[in-house]
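Only one structure is covered here, and it is reproduced in the block below.
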Amino acid sequence: MSKSILHMSHWGAFDAISDGERILNTRPYDKDPEPSPILYNIPSSHHHRTRIDRPYVRSGWLENGPGSSSRRGKDKFVPLEWNDALDLLAEELKRIYSSFGAESVFGGSYGWASAGRFHHAQSQIHRFLNCMGGYVDGVDNYSFGASNVLLPHIIGSVNPTLTENPSLEAIANHSELVILFGGIATKNAANNAGGISRHNTRGWLKKAHNNGTRFILVSPLQDDIAEEANAEWIAPRPGSDTALMLALGYVLISEKLVSKEFLNKYCIGYEKLEKYILGNEDGIPKTPNWAETISEIPAPTIWKLARDMAAHRTLITVSWSLQRTQYGEQPLWMGIALASMLGQIGLPGGGFGHGFTGSFIGHNPRTMKVPALPQGKNNVNKYIPVARIADMLLNPGGSYHYKGKVLTYPDIKMVYWCGGNPFHHHQDLGRLRKAFNSLETVVVHDSFWTATTRHADFVLPATMSIERDDLGIGMGESELFAMKSITKPHGESKDDYEIFSELAHRLRIGKQFTEGRSVTDWLKCMYEKLRLDLSEMKIQAPSFQEFWDIGTYQLPTEDAPQSMLKKFRDDPTLHRLGTPSGKIEIFSSTIESFGYKDCAGHPKWLEPKEWLGSDITKHYPLHMIANQPKTRLHSQLDVGDYSQKSKISNREPLRMHPDDARKRNLSDKDVVEVFNDRGSCLAGLLISKSVRPGVVQLSTGAWYDPDENGMCKHGNPNSLTADRPTSNLSQAPTGQHALVEVRKYTKTLPKLTVMDPPSIVK
Ligand SMILES: Nc1nc2c(c(=O)[nH]1)N[C@H]1C(S)=C(S)[C@@H](COP(=O)(O)OP(=O)(O)OC[C@H]3O[C@@H](n4cnc5c(=O)[nH]c(N)nc54)[C@H](O)[C@@H]3O)O[C@H]1N2
Ligand SMILES: Nc1nc2c(c(=O)[nH]1)N[C@H]1C(S)=C(S)[C@@H](COP(=O)(O)OP(=O)(O)OC[C@H]3O[C@@H](n4cnc5c(=O)[nH]c(N)nc54)[C@H](O)[C@@H]3O)O[C@H]1N2
Ligand SMILES: [Mo]
């Protein structure tokens with residue numbers, strides 16, 4: 001039996017034993033107290049029949065050459081030898097760059113890919129395209145796109161929300177009351193970008209509960225917090241949180257519980273918000289009775305909650321999901337305003353938190369940067385907010401608002417993707433298909449026949465991380481892992497680095513791209529950089545070889561954060577915020593000056609187009625929550641065992657409250673059709689009281705599998721979501737919410753197509 005090898009994934013470190021080809025045994029890292037079962041998707045996916053074994057080119061592209069085609073997504077593929085495929089692609093890259101310029105290539109290539117600092121797919125593709133002369137990039141992200149644009153105006157930067165959230169340790173030690181808008185779901189804490197060595201959310205929540213911390217979950221799903229927290233559950237209509245927060249503010253004002261001292265010293269513009277809350281601006285006082293009509297949370301509950309908040313050390317957290325909705329800036333901004341009214345920002349275990357989903361919360365964060373592959377310089381200054389991809393492809397030259405400016409969309413001829421799955425992550429996938437059809441050429445590297453590869457012209461097989469050596473460390477984490485290859489590559493797949501190197505040599509930019517280094521040279525070089533940084537801190541790190549043999553190395557850490565904006569509270573002059581006033585801007589004259597109706601100068605209740613209070617409910621009465629999946633990371637390894645076990649008749653599970661199921665004569669495990677004006681999909685029904693009535697949950701990530709009418713046979717919620725931005729300010733995605741109807745599917749159940757490779761021409 002060969003010895004076990006330590007490796008890292010976004011959902012945890014693990015040990016694996018292999019025979020060099022197959023993984024025989026996997027077990028979680030022995031220092032991980034709460035390992036995630038997502039791990040068990042790896043061995044079963046590894047040589048799955050949907051692994052891409054060699055390069056392919058779409059048959060229509062070979063027949064007709066580059067150009068728009070409605071065959072994308074339906075076409076057959078022709079296997080090619082590596083040399084032939086790369087020769088052909090190099091010629092096509094030359095043609096596109098010389099005929100249309102770098103501004104015609106979209107290389108934003110959004111996506112999580114795999115853990116590992118060197119083989120980080122986005123760094124690889126960006127470095128390659130920069131050597132080519134640049135590319136059109138996508139800025140912001142799907143995770144917290146609205147926060148990214150809003151927060152610089154409100155607290156000077158998005159960074160405090162990424163690095164200063166109070167740790168779970170601080171919560172256990174100091175918080176008396178924690179109100180979690182959108183929760184702190186254990187399923188979400190399974191994953192951390194770049195890896196995670198120790199999952200510990202349950203343990204900390206239990207400790208906090210034992211210490212007397214009271215948790216209130218505000219969410220449509222009861223399981224958005226671990227049972228250990230013993231949380232009370234408040235389930236407003238999805239999308240109504242801002243109204244609820246405004247009414248909490250109303251109580252604080254009317255009971256004189258507002259901290260004027262904090263507002264005067266640390267904030268500007270509160271008076272305008274107060275006017276709005278009291279109804280002096282629009283004639284509508286934002287009372288608990290008013291909020292009850294919107295959120296369906298009883299007014300007395302709101303009165304009591306506000307009083308409790310003022311009487312205790314209170315932390316208000318807002319999850320990223322709340323801003324992944326239309327007008328998603330508002331609950332985030334109002335959450336900060338509410339915490340400011342309580343005056344506890346910067347106090348241990350009090351104030352505000354945002355995005356309690358990364359599992360590094362609770363850890364002692366590392367103090368230093370870790371090495372990354374240099375990406376070079378992008379000479380193209382055209383970009384799009386990342387979620388405007390379909391708009392861009394469908395409206396070349398069209399104009400749109402963003403951050404107070406009017407920008408124009410570039411005319412894209414080629415899309416090159418490496419390490420992401422837009423046919424997972426984007427909204428209204430039927431529309432994205434049309435957008436992809438307009439292109440001259442689509443190139444995708446992936447390890448699996450995902451929906452995106454099926455819409456591509458060039459499909460190049462990438463290795464999985466378990467098939468290559470790398471350095472692994474997650475965001476905020478302090479333990480560096482030698483990610484050793486566990487098995488040899490599947491079929492003829494190659495590392496993205498190798499693919500780009502071979503292309504680069506053909507395009508005479510080989511030296512520039514590789515700097516003459518092999519993978520091992522790069523790993524050593526990146527490690528040596530870290531070692532140098534450490535030696536400047538008077539820390540003697542082991543040699544590369546020693547580190548590689550031991551397998552892990554602990555980097556220095558600092559104390560876990562106690563509260564966001566603590567330094568600012570301690571000294572608002574020395575640590576003034578990056579806003580124009582240097583303070584928290586409850587009113588932003590900059591945002592006001594943009595004149596956007598969908599994001600004004602202070603937080604407001606703006607009625608979304610799709611929510612349970614809208615007219616659309618006449619046809620589509622259920623509010624679909626398309627949140628992150630419990631059994632995988634996004635669409636990754638959906639073919640794996642742990643993900644597959646959750647399926648019902650091979651369809652993605654959809655959860656519904658028993659009352660809603662009864663009204664529709666539906667039974668547990670029924671296959672149902674979920675539909676609205678944009679599209680439809682099948683799903684397998686799970687009836688559950690953990691879902692608020694009127695809400696259904698269909699998580700993202702089932703591999704998109706459209707039939708000839710565009711119905712996704714598998715259960716991908718992005719066949720139903722709207723490609724609608726949060727606002728003109730941030731143009732961020734809003735995939736979390738959509739209105740739908742659900743009925744029993746009575747026809748013969750169609751076989752899934754996406755679980756097998758596409759048709760291959762021999
Ligand atoms: N409706 C709705 N949609 C959403 C969301 C939502 O809440 N609701 N959430 C959004 C969010 S927050 C996010 S972050 C996105 C996530 O969207 P993505 O990050 O695009 O999703 P993944 O499934 O992680 O896609 C990663 C792809 O990279 C491939 N891959 C893995 N390793 C490698 C590698 O080494 N090389 C190459 N070439 N490929 C590799 C995987 O096989 C997979 O196909 O989804 C968004 N979409
Ligand atoms: N297992 C797993 N973990 C993951 C990921 C994954 O794919 N799988 N993805 C990772 C990534 S990329 C990201 S960005 C984070 C995302 O982190 P989040 O955005 O926080 O995660 P979601 O699961 O999309 O949403 C969290 C919860 O918000 C609740 N919610 C939705 N709408 C509303 C609303 O209007 N009001 C209130 N009060 N609550 C609402 C839903 O019940 C949902 O379960 O998760 C990360 N963790
Ligand atoms: Mo994300």
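The first residue in the sequence is number 1, and the count goes up from there. Note: hydrogens, waters and symmetry copies are ignored here, and every other heavy atom, side chains too, is used.
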Query - side chain to side chain contact (heavy atoms under 4.5 Å, CB included) evaluation trace for Val178 with Arg214 - result: CA-CA 6 Å; Val178 182; Arg214 181 179 163 212; over 6 Å; no
**Report entry** Steps toward salt bridge (charged side-chain N to carboxylate O under 4.0 Å, His left out) verdict (Lys566, Glu164)
**Finding:** CA-CA 8 Å; Lys566 180 178 183 305; Glu164 295 176 24; over 6 Å; no
Report task. Evaluate the side chain to side chain contact (heavy atoms under 4.5 Å, CB included) criterion for residues Trp611 and Gln326: first the C-alpha distance (whole Å), next the side-chain angles of each, then the deciding distance (0.1 Å), finally the verdict. Result -> CA-CA 10 Å; Trp611 74 300; Gln326 192 183 17; over 6 Å; no
Requested in this report: List the steps, then state whether side chain to side chain donor-acceptor pair (under 3.5 Å) holds for Gln697 with Asn627.
Outcome: CA-CA 7 Å; Gln697 178 214 343; Asn627 61 352; 3.3 Å; yes
Query raised in the report: Do Thr186 and Arg202 pass the side chain to side chain contact (heavy atoms under 4.5 Å, CB included) test, and can you show the C-alpha distance, the side-chain angles, and the key distance before you say yes or no?
Result: CA-CA 7 Å; Thr186 313; Arg202 282 181 187 276; 3.8 Å; yes
Report task. Would you please test Val691 and Leu221 for side chain to side chain contact (heavy atoms under 4.5 Å, CB included) and show each step? Result -> CA-CA 5 Å; Val691 181; Leu221 304 180; 4.0 Å; yes
Query raised in the report: Run the ring-ring contact (aromatic ring centres under 6.0 Å, His included) check on His425 and Tyr142 step by step: do they pass?
Result: CA-CA 8 Å; His425 66 233; Tyr142 280 73; 4.5 Å; yes
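Using a 4.0 Å cut-off between charged nitrogen and carboxylate oxygen, Glu169 and Lys207 do not count as a salt-bridge pair. Between Asp571 and Lys567 there is no salt bridge, since none of the side-chain N atoms of the basic residue sits less than 4.0 Å from a carboxylate O of the acidic one. A salt bridge does not link Glu610 to Arg237: none of the charged nitrogens lies less than 4.0 Å from a carboxylate oxygen. Salt-bridge annotation for Asp723 and Arg388: present, with a side-chain N of the basic residue lying under 4.0 Å from a carboxylate O of the acidic one. Salt-bridge check for Lys272 with Glu592: failed, with every basic side-chain N at 4.0 Å or more from each acidic carboxylate O. Using a cut-off of 4.0 Å between Lys/Arg side-chain N and Asp/Glu carboxylate O, Arg655 and Asp223 are scored as salt-bridged.
Cation-pi geometry between Lys583 and Tyr266 is not met at under 6.0 angstrom from the ring centre and within 45 degrees of the axis. Note that Lys403 lies outside the cation-pi zone of Phe594, set by a 6.0 Å cut-off to the ring centre and a 45° limit from the axis.
Screening Leu720, Leu622, Thr617, Asn676 for a side chain to side chain contact (heavy atoms under 4.5 Å, CB included) involving Leu739 leaves a single residue, Thr617.
Atom OG of residue Ser321 and atom CG of residue Asp224 lie 7.0 Å apart, to the nearest 0.5 angstrom. Interatomic distance, CG of Leu315 versus CE of Met309, reported as 10.0 Å (0.5 Å rounding). Of the inter-residue distances, the one linking Cys267 atom SG with Ile336 atom CD1 reads 10.0 Å to the nearest 0.5 angstrom. Taking CD1 from Ile591 and CD from Glu585, the interatomic distance works out to 8.5 Å, rounded to the nearest 0.5 Å. Rounded to the nearest 0.5 angstrom, Glu274 CD and Leu263 CG are separated by 9.0 Å. In this structure, the separation between CG on Asn211 and NZ on Lys206 is 12.5 Å, given to the nearest 0.5 Å.
Judged by distance alone, the side chains of Ser699 and Glu652 never bring a donor and an acceptor atom under 3.5 Å apart. Using modelled atom types, one finds a donor on one side chain and an acceptor on the other under 3.5 Å when comparing His354 with Ser147. Side-chain contact of Ser727 with Asp598: a donor-acceptor pair under 3.5 Å is absent, judged by distance alone. With hydrogens and angles left out, the side-chain atoms of Thr726 and Glu329 include a donor and acceptor closer than 3.5 Å. Side chains of Gln628 and Asn188: no donor on one and acceptor on the other come within 3.5 Å. Checked by atom type, the side-chain pair Glu477/Ser197 shows a donor-acceptor distance below 3.5 Å. Side chain to side chain, Asp140 and Tyr402 meet the donor-acceptor criterion of an N or O pair below 3.5 Å. The closest side-chain donor-acceptor pair between His209 and Asn230 falls under 3.5 angstrom.
In the displayed structure, Glu281 atom CD is contacted under 6.0 Å by more than 12 heavy atoms of other residues, nucleotides or ligands.
Between Trp605 and Trp333, the gap from one ring centroid to the other reaches at least 6.0 Å. Centroid-to-centroid, the aromatic rings of His737 and His623 come within less than 6.0 Å.
Nearest heavy atoms, Thr201 versus Glu34: N-OE1, 3.3 Å. Summarising the geometry of Ala190 relative to Ser36, their closest heavy-atom pair is CB-OG, 3.7 Å, with the distance given to 0.1 Å. The two residues Ser143 and Tyr110 make their nearest non-hydrogen contact at OG-OH, 3.6 Å. Nearest heavy atom pair, residue Val695 against residue Asp660, reads N-OD2, 4.2 Å. For the pair Gly194 and Ala115, the tightest heavy-atom approach, listed with the atom from each and the gap, is O-CB, 3.5 Å. Here the closest heavy-atom approach between residue Gln562 and residue Pro166 is recorded as O-CB, 3.3 Å.
With contacts defined as side-chain heavy-atom distances shorter than 4.5 Å, the pair Tyr276/Lys286 qualifies. When side chains are defined from C-beta on, Asn718 does not count as touching His426, because their heavy atoms never get closer than 4.5 Å. No side-chain heavy atom of His10 sits less than 4.5 Å from a side-chain heavy atom of Asn192. Taking the side chain as every heavy atom from C-beta outward, Asn165 and Pro561 never approach each other to under 4.5 Å.
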